[in-house]
Engineer: 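Have a look at this one before I ask anything.
Here is how names work: the chains are called A, B, and so on, in the same order as the sequence lines, proteins then strands, and each is numbered from 1. Here the structure is a predicted model, which is why all the values come from computation and not from measurement.
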Protein chains: 2
Amino acid sequence: MRHSYKFPRPALTVDCVVFGFDDAKLKILLIQRGLEPFKGRWALPGGFAHIDESLDAAARRELQEETSLQDVFLEQLYTFGALDRDPRGRVVSVAYYALVDLAGHPAIGATDADAAAWFPLPKLPPLAFDHGRIVAKAVERLRAKVRYEPLGFELLPGKFALSQLQTLYEAVTQSSIDKRNFRKKILAMDVLTPLNEFAAQGAHRPAQLFRFNHAKYVALKKGGFNFEL
Amino acid sequence: MRHSYKFPRPALTVDCVVFGFDDAKLKILLIQRGLEPFKGRWALPGGFAHIDESLDAAARRELQEETSLQDVFLEQLYTFGALDRDPRGRVVSVAYYALVDLAGHPAIGATDADAAAWFPLPKLPPLAFDHGRIVAKAVERLRAKVRYEPLGFELLPGKFALSQLQTLYEAVTQSSIDKRNFRKKILAMDVLTPLNEFAAQGAHRPAQLFRFNHAKYVALKKGGFNFEL
DNA sequence: TCAAAAGTGTTCTTGATACACCCATGC
DNA sequence: GCATGGGTGTATCAAGAACACTTTTGA
């Protein structure tokens, strides 16, 4: 440790890629910047980490402050430290990604003047800083991880139909899945609790609703089971 | 962005978990600290990030300075930002993990007074700071990633026998693999180039040597192929 | 000639894939 | 009664798992 603790330090920020799912589309929550640099541009919610809070706490605080989101799935993604990523000087950003039930948070207003809006993934506006890179990394992570961890449920309401789940997986992994095989596989895992409730939302047979049984998943996992789709 | 760029900042360090493989054992390279705090304790190579270098560059520089390692596989692991992880104050550490051919770097002396040594994974000494946590995370990542990315070859010499590769996989994933099935599968992937060289190292039949064909792997991957063991 | 690791195929089992029709509802 | 999405079973195919003996070398 040859370099002093007192040398000039990079600034530290946290940024959050918030994923939501709606209408067969994967979406991302962006806020419009009210200040320079990149004033008026869309950007990831985030900001400077305080010296007296952990990184996770900083991410949750910024999410709460800028998007009113609370108690969501949040996981560290990657830390971006290129020299020129912020025109104000040296700023290192610890990026997080969050998964939220978009139906439960339809139009989220920020507490300050900045606008917030959901954008479908393929149609993102130009982003501030290196946030485009961060989003790309988050999408890559989500695509990979959704296959072997039960993350998808975080993007759905607590009660959901199997077809919703399937549509979600098809959207995230950009594939199309056979309906019968999908249902067979997910039900065989035995982590979904069937409910005696049905969602009637159109001129067709109502779909049975299910709930993800988190406790059972944890128990199965302890016994060597691996979620995989 | 409501919090000033001028607020007190956490210090930023990088730490490296260096993996090596030798003698059927997975090992980690540690250095013994010459300074307080934790003077005399074993720790991960690392140190403060300079303001004028990227995080990756900082990790490579520290690795070079403290262990003389250069041109090794290096990838960002996770960023550790708990409030109390460093007794000197608020220090956030961006952790990396490196994979090196241990046979090519047997006894690595640090450039300064600190000692450096390889420790087999299950027998690590008590570590400074939260480095135990960092190692645990690195091991978890390596175990998972070695199954679907060709990382294992980074831990072996350029020319290796199939039995070495198998032993490596058995050590990393803590499983035992059937010899015939292993060879069938890895050879079927068609990413190993058989050499007309043989390693005679004992009173038994010499093993044919192979080389990992990185270019071919990249090409296959582009065509949708996925490495998996 | 013995010990020690290298090398080699086949069978069986399991999981993945492909595929088509009836059901319940609202309009 | 028709349009819409919900719900169901079987046959085929491919990949993974299990398994034992011969070969080459040095001591």
Engineer: Got a donor-acceptor contact below 3.5 angstrom from the A:Y96 side chain to the A:D56 backbone?
Structural biologist: yes

Engineer: So, do A:L124 and A:W42 sit near enough that their side-chain heavy atoms are less than 4.5 Å apart?
Structural biologist: no

Engineer: Please tabulate, one pair per line, each protein N/O and nucleotide N/O from nucleotides 1-4 of chain C that are separated by under 3.5 Å, including the distance.
Structural biologist:
{"from": "C:dA4", "atom 1": "N3", "to": "B:A203", "atom 2": "O", "distance (Å)": "3.3"}

Engineer: Relative to the ring of B:Y217, is the ring of B:F212 parallel (under 30°), tilted (30 to 60°) or perpendicular (over 60°)?
Structural biologist: tilted

Engineer: Flag the pair B:P194 / B:Q208 as yes when at least one side-chain heavy-atom distance between them is below 4.5 Å, and no otherwise.
Structural biologist: yes

Engineer: Distance-only, no hydrogens or angles: does the B:Q32 side chain make a donor-acceptor pair with backbone N or O of B:G40 under 3.5 Å?
Structural biologist: yes

Engineer: Please list, by residue number, the residues of residues 155-182 of chain B whose heavy atoms come closer than 4.0 Å to an atom of DNA chain C; answer none if no residue qualifies.
Structural biologist: B:S163, B:K179, B:R180

Engineer: Within the side chain of B:R143, is there an N or O that forms a donor-acceptor pair under 3.5 Å with the backbone of B:V172?
Structural biologist: yes

Engineer: Would you call A:D101 and A:F160 a side-chain contact if the rule is heavy atoms closer than 4.5 Å?
Structural biologist: no

Engineer: Is B:L155 close to B:L168 at the side-chain level, that is, under 4.5 Å between some pair of heavy atoms?
Structural biologist: yes

Engineer: Contact boundaries of DNA chain D with chain A (under 4.0 Å, heavy atoms), 5' to 3'?
Structural biologist: D:dA3 to D:dT10

Engineer: Counting only N and O atoms by type, is there a donor-acceptor contact under 3.5 Å from the side chain of B:R141 to the main-chain atoms of B:L77?
Structural biologist: yes

Engineer: Quick test of your reading: applying side-chain hydrogen bond (donor to acceptor under 3.5 Å, both in side chains), list the pairs with at least one residue in residues 123-139 of chain A, sequence neighbours left out, ordered by first then second residue.
Structural biologist: A:R85-A:D130

Engineer: Going by heavy atoms closer than 4.0 Å, what residues in residues 183-197 of chain B are next to DNA chain D?
Structural biologist: B:K184, B:K185

Engineer: Which residue pairs pass the side-chain hydrogen bond (donor to acceptor under 3.5 Å, both in side chains) test with at least one member in residues 149-163 of chain A, sequence neighbours excluded?
Structural biologist: A:K159-A:E197

Engineer: Once the angle between the rings of A:Y169 and A:F227 is folded into 0 to 90°, is it parallel (under 30°), tilted (30 to 60°) or perpendicular (over 60°)?
Structural biologist: tilted

